[in-house]
Structure formats: C-alpha cells, structure tokens
There are 2 protein chains.
Amino acid sequence: MAFIQKVKSAHVSLGAGIDIVAPEQDSDEMYTLFSGWAFRYKELADGRRQILNFLLPGDLVGLQASMFNAAQHGIATLTEVQLCVLPRRKVWTIFETMPDLAFDITWLGAREESIVDQNLLTVGRMNARERVAALIIGLYKRCNALGLAKDGMFPFPLNQHHISDALGLSLAHTNKTLAYLRRIGMFTLEGGMMDLANPRALQRMGQVFDAEFQARPLI
Amino acid sequence: MAFIQKVKSAHVSLGAGIDIVAPEQDSDEMYTLFSGWAFRYKELADGRRQILNFLLPGDLVGLQASMFNAAQHGIATLTEVQLCVLPRRKVWTIFETMPDLAFDITWLGAREESIVDQNLLTVGRMNARERVAALIIGLYKRCNALGLAKDGMFPFPLNQHHISDALGLSLAHTNKTLAYLRRIGMFTLEGGMMDLANPRALQRMGQVFDAEFQARPLI
DNA sequence: CGCCTGTTTGAGAAGGCTCAACGGACGTGG
DNA sequence: CCACGTCCGTTGAGCCTTCTCAAACAGGCG
C-alpha cells in the first residue's frame, strides 16, 4: 500500500463483473488495485476457464501485460473496484529513477507468482475438500493481513462458479463439497460475508502453511 | 542469455538430482541457469509433490528466494547443471545502478510466472492426454527457442515421476497415458531424447497457444 | 548375482464428472 | 400486480476418468 501512495496518479472506478484486461489484449497500462476484488484467469478454446489468482487491494494488476506484447491472461473484477493507473512508459521511468520502487514492483510480482505456485500445488495435489478449505483459508489470511477480517469474518464476493474455476472442479462437485464443509460446521456464508467457526481446523484441512512474505532487508 | 553474460561471475557445477534450494531454506544467493535442466517444486506434509515449472538455460533460479525471508518452494536439478552465482546483496546493487538489468530481472520473473499460469490452466482444466501433450509440446517449444531442438528431436531428461508430479497425475496413469500417445505415434523416447513425429498434432491435442514472450519496447 | 531405480500392466475402487431437473431471489415489462 | 426470464444455488442418478494397490519386468551397477 505504501507503494501505491507514492505512485498514485489517476483513479479509475469500475463495476463488478467487468473485464479489465481481455485475454490476448495489448494493454497499454498497468494498474494497482486500490480497493475491491479482481482475479486473473485463462481460458481454453472450448470455454473451460481457470482462475489463476485473486487480486486484493495493494496488488499489482497487469505486470505481465506491461512486460509482454500481449497479455497471456484476462483480468476481471469481482466487486466494484478502484484502480490507480500507471501508464506503461512510466514503468521504465520508475526503473531508471526510482530503484526502490522498481524493487517493489519486482517484489510484488514475485509475491503474486508465489501465490500462483501455491494454487498449482492445491489444484494439482489436493482432493476437493482440501482444495476448498485451502482456498477459503488462503483468502482469509490475506484479508487478515489487510485488516479486512475480524474474528473469523471476512468479505467473500466469489460465487460457486468462481470457486470451481479457481480449484479445477466442476460446479456440481464444488457445491456438494461446500455443502459438506458447511454441514460439519466449518463456515457459514451469507450476504457475501464468510464466517469461519474454526479457522485452525480449516487450515489443517487445507494443509496451508504460514507463508508470511516478509520483505528481506535489502542489504 | 545476454543478461547472463553481463552479470556473469563465479560458475558453479552441480550433478543431476540435487536440491539447489531446499523448501523453507533461507538461501543467500540468486542464480542464473547457464546450462542443464532444473525444476521448482512444492510439497505437502504427507509427501505429495507438485512440480511448478521446469528451468532451462537462461532462466533465473531463486528470484523468489531472494525476495522473501524463506523460499516457498524447493529447486532441484534434473541434469548436470552450471550456475552463475549472484550474491543477494548484489541484486540491490543492480537495481540501484543498472536499471536495464533490473528490468531484465523483472521481465524474467514475469515470464516464469506466465509459465506457471499456463501450468495451472493445464493441471486445473485439462484431462490426462491433453496434459501430457501440453507438457511435451511446451518443453519442445522452449527448447526450440533456445536452439536445442532439431526437426522434432530434443533432449528430455524427465522420468515418469517428474511428469506425473508436474501434471498432477498418478504415476500409473501417467504411464498409461504416455503409452497411449506412443501407440498412436505421437512420439518416441529413447536415451533421453524425445522425437516428435507430428508436433502440430500434439500441439492441437495440448491446446497450446503460441505465446512468444516478446519483450515490449521500453518506451 | 542381487539390488536398485524406473517402467509396465492389471484389477478393482472411488472421487469427481455429466446431465438433468428444481427452487428461490430478483428485476423487468406488460 | 402478475408473468416471465435470469442468475445462482441445490440435489440426484449414473457413468467414467483416474486412483490405489499389487506385481512383474528391464537395465545398470557394485
């Protein structure tokens, strides 16, 4: 967030369920997410969709797009969103004149990759219950770090379609798995607020380790 | 590779099947892969392993590790390997004094993430045959770009264990899927060399798009 | 020769998928 | 005010892809 404050320029507001960057699009801007939720995704030709990771306030939007000629993925909003715009050519200016900010950009990129890594482990090697647990607890921890959670409660703007596409499961099976976790009392969800009765138990089920992403001292 | 040449300092050689960075390890160095193959991976407590991506010559090794206090993943060699060492504190020096190289580091990080993105799509949304095809064709294309492939032939140092751990499949099913692809004449494999009879057909099966990773002009 | 690593194959089980239908909440238009 | 469409969540039946478990085989090496 400190990073955002420094580079802040124009704000842009967008509604929920909108594509910020379409797949294959040649976007000319990089953004930073100031408020709201978004997600990155990829699609196959026949429509199968995989959500790569969710973006929360403070995350960089479109770093890849600003490095390559065409984005390899799409980005869409989950809620209303406020973006801080960063014109692409300014990225290079940052590298030239503000090495500490350039370092922050790289750091944010590395952190995002680390999240995608974790998602790949989840999707590749966990069963349905573990996957759902890992997703919920992962988002909970990120909300917690941002001060958006309070004793087990946090905003949860995903629908079951998003969950299944993030976890590589079918919609029907996602629903049944959620029903199971709800039945054994792991959570309740209403009005877009998730309420975790026992985060520790959910964390065990999701096999999530504590990754803190502490910045290293630079020297 | 141009990047490597500029930062080249000490060379290190390692044998095959060795951990460069163990999970959770606090590594003090970043490397760049000069020759040979390696891979990044994550493990669950009970031993299930997911390979995140494969590293070929020119790839950065341990960028995440150099940004965070503890690596969130392990890195191991697949073949004999030559590394160029880059002490961690020198990373900061690069950002301070060589913005173009700093940009290259960020670019390489973004490209690696883009590969992990693709792997997540593959593992999350493709069936076994598509996954194997996507893996083989993906490695083929990377070898091609490095000049390591010649009319459908390229080095393939993975065993079936690596393939199954990269694709989120069981060893047995990986074997049967490979047998199927071999039976219908998609490839032959002997002595660590993969020979693709019909790369186009394999590419269709793997639903792999052409991602070229062209660097954007900086301004 | 025996052992180890890596590959192959089969039988049976099961987790997850597909297809189909239904219900509730909400918004829109007549 | 009601009829209708749409979005989202729910549920059931049956199938099938993939997994687990087990055993056997091939090659390399001490």
Side-chain angles (χ1 to χ4, degrees), chain A residues 15-18 44 46-51 76-79 122-136 156-184 186-194 205 207, chain B residues 15-18 37 39 44 46-51 76-79 122-136 156-184 187-194 205:
Chain A
I18 294 179
L44 294 175
D46 57 8
R48 285 176 282 179
R49 181 178 72 166
Q50 177 68 42
I51 291 182
T77 62
L78 214 42
T79 67
T122 300
V123 169
R125 284 309 187 197
M126 289 186 184
N127 64 32
R129 289 175 185 181
E130 291 169 332
R131 290 187 212 185
V132 173
L135 173 66
I136 295 174
F156 196 84
L158 329 198
N159 63 26
Q160 298 189 355
H161 217 106
H162 296 123
I163 300 178
S164 66
D165 281 348
L167 298 178
L169 295 170
S170 73
L171 186 55
H173 199 58
T174 299
N175 178 287
K176 287 163 190 170
T177 307
L178 284 168
Y180 167 80
L181 290 178
R182 210 180 300 125
R183 185 160 8 98
I184 65 171
M186 295 308 285
F187 72 89
T188 58
L189 174 60
E190 58 176 288
M193 286 297 284
M194 175 76 70
M205 184 175 298
Q207 311 227 18
Chain B
I18 293 179
W37 293 51
F39 61 92
L44 295 174
D46 57 9
R48 284 176 283 179
R49 181 178 72 165
Q50 177 68 41
I51 290 182
T77 62
L78 215 43
T79 66
T122 300
V123 169
R125 285 306 185 198
M126 290 186 184
N127 65 31
R129 290 174 185 181
E130 292 169 330
R131 290 189 213 185
V132 173
L135 173 66
I136 294 175
F156 196 83
L158 329 200
N159 63 27
Q160 298 189 356
H161 216 107
H162 296 123
I163 299 176
S164 66
D165 281 349
L167 298 178
L169 296 169
S170 73
L171 184 55
H173 198 58
T174 299
N175 178 286
K176 287 163 191 170
T177 306
L178 284 168
Y180 166 80
L181 290 179
R182 210 180 300 124
R183 183 158 14 95
I184 65 169
F187 71 89
T188 58
L189 174 61
E190 59 177 288
M193 286 296 285
M194 175 75 71
M205 185 176 297

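Since the structure is predicted, the reported quantities are computational estimates derived from the model, not experimental observations. Protein chains get the first letters and strands the later ones, always in sequence-line order, with residue 1 at the start of each.
- Between B/Phe156 atom CZ and C/dT7 atom P the separation is 10 Å, expressed in whole Å.
- Atom CG of A/Leu78 is separated from atom P of D/dC8 by 11 Å (rounded to the nearest Å).
- Residues satisfying the side-chain hydrogen bond (donor to acceptor under 3.5 Å, both in side chains) test with B/Asn175, not counting sequence neighbours, are B/Gln160.
- For the pair B/His161 NE2 and C/dT5 P, the computed distance is 12 Å after rounding to whole Å.
- Atom CZ of B/Arg49 sits in a crowded spot, with more than 12 heavy atoms from other residues, nucleotides or ligands closer than 6.0 Å.
- Here A/Arg182 reaches the OP1 or OP2 of D/dT10: one of its side-chain N or O atoms lies under 4.0 Å away.
- Distance B/Leu167 CG to D/dT17 P: 18 Å, rounded to the nearest Å.
- Enclosure of atom CZ in B/Arg48 by more than 12 non-hydrogen atoms of other residues, nucleotides or ligands within 6.0 angstrom is indicated.
- Taking CG of A/Leu167 as the reference point, atom CG of A/Asn127 lies at 11.0 Å (rounded to 0.5 Å).
- Nucleotide C/dT7 holds its C1' atom 11 Å from the CG atom of B/Leu189, rounded to whole Å.
- At the phosphate of C/dT5, neither OP1 nor OP2 sits under 4.0 Å from any side-chain N or O atom of B/Gln160.
- Taking atom OH on B/Tyr180 and atom P on D/dT18, their separation rounds to 12 Å, with Å as the unit.
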- Going 5' to 3' through nucleotides 9-21 of chain C, assign each nucleotide B (protein heavy atom under 4.0 Å from a base atom), S (under 4.0 Å only from sugar-phosphate atoms) or - (no protein heavy atom that close). BBB----BSB---
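- Computed from coordinates, the B/Glu130 CD to D/dT17 C1' distance equals 12 Å when rounded to whole Å.
- In this structure, B/Arg125 pairs ionically with A/Asp165, as a charged nitrogen and a carboxylate oxygen lie closer than 4.0 Å.
- The CG atom of A/Leu158 sits 4.0 Å away from atom CZ of A/Phe156, with the distance rounded to the nearest 0.5 Å.
- Between the CG atom of A/Leu158 and the P atom of D/dC7 there is a distance of 19 Å, rounded to whole Å.
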